[in-house]
Amino acid sequence: EFIQALIETGHKIEVCPRSTVTTFGLGACVKEKDGSFTGIPLGIFMRAGFEAENGDPLLFLGNHGGLDLSIRGPLVEKVVQGHHLEGQPAKCDVQFYVSIDGLCG
């Protein structure tokens, strides 16, 4: 209903399902030739609770998925008017991801 109401009032909506390997905030950094750093997310293998025939634990990389929602239109533009961002393209980007506790955004 929310998305439909935005569309009916002249907004452009883009939704992109997204799935990545869970990193739990861990990563490495590589120093580039120009002195800047590039972040590299690191996946963490977790035990699946099962074992292979030889007794080794089965491991997996956890999946982290959700939706990216991009909103453009009159309501977003009205919020930007009079703000220090006035004159720049008005946009609202929201992410909703699933966690152990449920939906987080």
Enquirer: Between G10 and P74, what is the shortest heavy-atom contact and its length?
Expert: O-CD, 3.6 Å

Enquirer: Is there side-chain contact between I71 and L6, with at least one heavy-atom pair below 4.5 Å?
Expert: yes

Enquirer: Looking only at heavy atoms, which two atoms of V94 and C92 are closest? And how far apart?
Expert: CG2-SG, 3.8 Å

Enquirer: Tell me every residue that passes side chain to side chain donor-acceptor pair (under 3.5 Å) with E32, counting only those two or more places apart in sequence or in another chain.
Expert: T38

Enquirer: Could you go through residues 39-61 and list every donor-acceptor pair under 3.5 Å that involves a side-chain atom there, pairing it with any protein atom two or more places apart or in another chain?
Expert:
{"from": "N54", "atom 1": "OD1", "to": "D56", "atom 2": "N", "distance (Å)": "2.9"}
{"from": "N54", "atom 1": "ND2", "to": "D56", "atom 2": "OD2", "distance (Å)": "3.1"}

Enquirer: Identify, with sequence neighbours excluded, every residue that meets side-chain contact (heavy atoms from CB on, under 4.5 Å) alongside E1.
Expert: none

Enquirer: Restricting to salt bridge (charged side-chain N to carboxylate O under 4.0 Å, His left out), what partner residues turn up for D93, sequence neighbours left out?
Expert: R72

Enquirer: Can you name the side-chain contact (heavy atoms from CB on, under 4.5 Å) partners of C16, sequence neighbours left out?
Expert: R18, D68

Enquirer: To the nearest 0.5 Å, how far apart are CZ in F2 and CG in L69?
Expert: 6.5 Å

